[in-house]
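First comes the structure, then the notes that go with it.
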Amino acid sequence: MVPGPGRRAWSRRGVLAAFGTAVPALALSGCGGPADTTEGKDTAATGGTGAGTRTKAQVRKPTVTVSPADDTKRADFTGPVVVSVTDGTLSAVEVSGNDGSALAGSFTDGRTRWTSDRNPYSGTKYTVTVKAAGAAEHTSTFVTKSPGETFAGYFTPEANSTSGVGMPVSINFTHAVTDRAAVEKAVTVTAEPAVEVVGHWFGNTRLDFRPARYWAAGTKITLSLRLKDVEGADGVHGVQSKDVTFHIGRRQVSTVDLAKKTMTVERDGAVLATYPVSGGSAAHTTWSGIMVISERLEETRMESSTVGLGDEYDIADVPHAQRLTTSGTFIHGNYWAAPSVFGGSNTSHGCIGLRDTKGAHDSSAPGYRFYESSMLGDVVVVENSGERTVEASNGLNGWNLSWADWKAGSAL
């Protein structure tokens, strides 16, 4: 620019001198000019001059945390697996065991936390694979510790067997159970066709299941044991995780009337046979009530000393014996009594006898015929014996409890 007449030309150096050399160069830089080169800053909207600046927030990567921690060698198995993420969201979580099992789980609403639906199994190596949005896949492993003392449940009837309509599902535990609710919750019994099935505790080592009335003929029963790592007592954990099926066959109920000294066998609602019998004498009366056949022996030895009766008898080859109580009541063949006894008088030490032959081979004998028509789980009802009703725990005889009393024995 050329100065007009009478005006003094100012050079750039003159301008700087007029203001003094202390003026910072930044004061002369314009928006977006060469001096604005600092990364991570932008101009503040104040006066449009770029006089103020601020730092942009750095983008943080997601951080994944797994519990139990990676490479844990003796991880606890009494709590769930938990996966969490900070500064991100979880896309997927997989937890697989070296036993072939997998742990399912659920996310929180914000997908920042995942918790397994059940606890990991003891003595198992697990691999945890985590995917979080914006982060590389995360993998960790841990091994759960082995349990200390353990317990198992031995069940009746046998897997894949067919039983009579009176057969309960009975489980005997190898260790006394103090947390009955935890154990009973881990055991379920279901039926097809469906019916309500409830558990009942007999002491601290036995848990039986039954419906309100006898099973329907043809029922399929499934026992699901989920006892593995369930703490049944302090420091004592279960070891089983399995499903077992049973079947119910035809309906057979036999009624023994010891006043008449007869037994009437009904099969699927029709009378199959009527047999003359002999029951317990006045000195050794037979239990009354509903009893279930729990053991079948084509031939067996019976000794009075085993039932607290000293040396009154010892018979090495009792034919066709079927157990009705744990305490020693059987319904069995008898070859040593006179034929007139059967249907004529009650002379036994508490068992129910049918006429039979030595050697258990005569197919025409009532003892043989009844044995061949029977199966485990069949019902034998004893009436007019002069004795009180058998205890429900004495054998598989829980049917002597009312449905209300049976349900009262559940821990759930």
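For this chain, numbers begin at 1 and follow the sequence in order.
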Does a side-chain N-to-carboxylate-O contact under 4.0 Å join [X] and [Y]?
| X | Y | result |
| --- | --- | --- |
| Asp378 | Arg267 | no |
| Arg111 | Asp109 | no |
| Lys125 | Asp99 | no |

Donor-acceptor contact below 3.5 Å, side chain [X] vs main chain [Y]:
| X | Y | value |
| --- | --- | --- |
| Thr306 | Glu303 | yes |
| Glu231 | His237 | no |
| Thr286 | Gly350 | yes |
| Asp87 | Arg60 | no |
| Asp268 | Arg251 | yes |
| Ser170 | Thr156 | no |
| Ser288 | Glu387 | yes |
| Thr178 | Gly232 | yes |
| Trp114 | Leu90 | no |
| Asn119 | Thr78 | yes |

With a sphere of 6.0 Å drawn around [atom1] of [X], does it hold more than 12 non-hydrogen atoms of other residues, nucleotides or ligands?
| X | atom1 | answer |
| --- | --- | --- |
| Glu94 | CD | no |
| Glu158 | CD | no |
| Arg113 | CZ | no |
| Asp117 | CG | yes |

Show, in sequence, the C-alpha distance, side-chain angles and deciding distance for Ser327 and Asn394, and conclude whether the side chain to side chain donor-acceptor pair (under 3.5 Å) test is met.
CA-CA 7 Å; Ser327 61; Asn394 189 1; 3.0 Å; yes

Non-hydrogen side-chain atoms of [X] and [Y] separated by less than 4.5 Å:
| X | Y | result |
| --- | --- | --- |
| Thr124 | Val143 | no |
| Val256 | Val381 | no |
| Trp336 | Lys358 | no |
| Val187 | Leu227 | yes |
| Asp70 | Thr72 | no |
| His332 | Gln322 | no |
| Leu309 | His349 | yes |
| Asp314 | Arg301 | yes |

Working to the nearest 0.5 angstrom, can you tell me the gap between [X] [atom1] and [Y] [atom2]?
| X | Y | atom1 | atom2 | answer |
| --- | --- | --- | --- | --- |
| Asn334 | Leu354 | CG | CG | 9.0 Å |
| Ile331 | Tyr275 | CD1 | OH | 10.0 Å |
| Thr162 | Lys220 | OG1 | NZ | 12.0 Å |
| Lys61 | Thr86 | NZ | OG1 | 13.5 Å |
| Ile293 | Ser374 | CD1 | OG | 4.5 Å |
| Leu225 | Thr188 | CG | OG1 | 8.0 Å |

Shortest non-hydrogen separation from [X] to [Y] and the atoms involved:
| X | Y | value |
| --- | --- | --- |
| Ala133 | Pro62 | O-CG, 3.2 Å |
| Ile248 | Ala216 | CG2-O, 3.7 Å |
| Glu184 | Ser410 | OE2-OG, 2.6 Å |
| Tyr313 | Val307 | OH-CG2, 3.7 Å |
| Val197 | Val189 | CB-O, 3.6 Å |
| Phe370 | Gln252 | CE1-NE2, 4.2 Å |

Which residues pass the salt bridge (Lys or Arg N to Asp or Glu O under 4.0 Å) test with Arg206, sequence neighbours left out?
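If we apply the salt bridge (Lys or Arg N to Asp or Glu O under 4.0 Å) test to Arg206, skipping adjacent residues, the hits are Asp208.
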
Do the rings of Trp406 and Phe202 sit parallel, tilted or perpendicular, given the 30° and 60° boundaries?
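Geometry flag for Phe202 against Trp406: perpendicular rings.
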
Looking at Tyr371, I'd like to know if the NZ or CZ of Arg296 sits under 6.0 Å from its six-membered ring centre while staying within 45 degrees of the ring's axis.
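The answer is yes, since Arg296 meets both limits relative to Tyr371.
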
Given the ring of Tyr121, does Arg118 sit roughly above its face, with NZ or CZ under 6.0 Å from the centre of the six-membered ring and within 45° of the axis?
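Cation-pi check for Arg118 and Tyr121: passes.
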
Verdict with reasoning, Val265 to Thr274, per side chain to side chain contact (heavy atoms under 4.5 Å, CB included):
CA-CA 6 Å; Val265 182; Thr274 300; over 6 Å; no

I would like to know whether Glu196 and Lys407 meet salt bridge (charged side-chain N to carboxylate O under 4.0 Å, His left out); could you show each step before the answer?
CA-CA 11 Å; Glu196 183 183 11; Lys407 295 175 76 172; 3.6 Å; yes

Can you find a side-chain donor-acceptor pair between [X] and [Y] that sits under 3.5 Å?
| X | Y | value |
| --- | --- | --- |
| Asp317 | Tyr335 | yes |
| Asn384 | Asp257 | yes |
| Glu391 | Trp287 | no |
| Asp229 | Ser122 | yes |

How far apart are the C-alpha atoms of Tyr126 and Val81, what are their side-chain angles, what is the distance that settles it, and do they pass the side chain to side chain contact (heavy atoms under 4.5 Å, CB included) test?
CA-CA 10 Å; Tyr126 285 92; Val81 177; 6.0 Å; no

Between Ser294 and Leu396, does a side chain to side chain contact (heavy atoms under 4.5 Å, CB included) hold up when you go through it step by step?
CA-CA 7 Å; Ser294 58; Leu396 302 177; 3.8 Å; yes

Which atom pairs, one a donor and one an acceptor, fall under 3.5 Å between side chains of residues 238-246 and the rest of the protein, sequence neighbours left out?
{"from": "Gln240", "atom 1": "OE1", "to": "Gly153", "atom 2": "N", "distance (Å)": "2.7"}
{"from": "Gln240", "atom 1": "NE2", "to": "Gly153", "atom 2": "O", "distance (Å)": "3.0"}
{"from": "Asp243", "atom 1": "OD1", "to": "Ser224", "atom 2": "OG", "distance (Å)": "3.0"}
{"from": "Asp243", "atom 1": "OD1", "to": "Arg226", "atom 2": "NH1", "distance (Å)": "3.1"}
{"from": "Asp243", "atom 1": "OD1", "to": "Arg226", "atom 2": "NH2", "distance (Å)": "3.0"}
{"from": "Asp243", "atom 1": "OD2", "to": "Arg226", "atom 2": "NH2", "distance (Å)": "3.2"}
{"from": "Thr245", "atom 1": "OG1", "to": "Asn160", "atom 2": "OD1", "distance (Å)": "3.3"}

What verdict does the side chain to side chain contact (heavy atoms under 4.5 Å, CB included) test give for Val379 and Val253, after you've listed the backbone C-alpha separation in whole Å, the side-chain angles of each residue and the deciding distance to 0.1 Å?
CA-CA 5 Å; Val379 177; Val253 177; 4.1 Å; yes

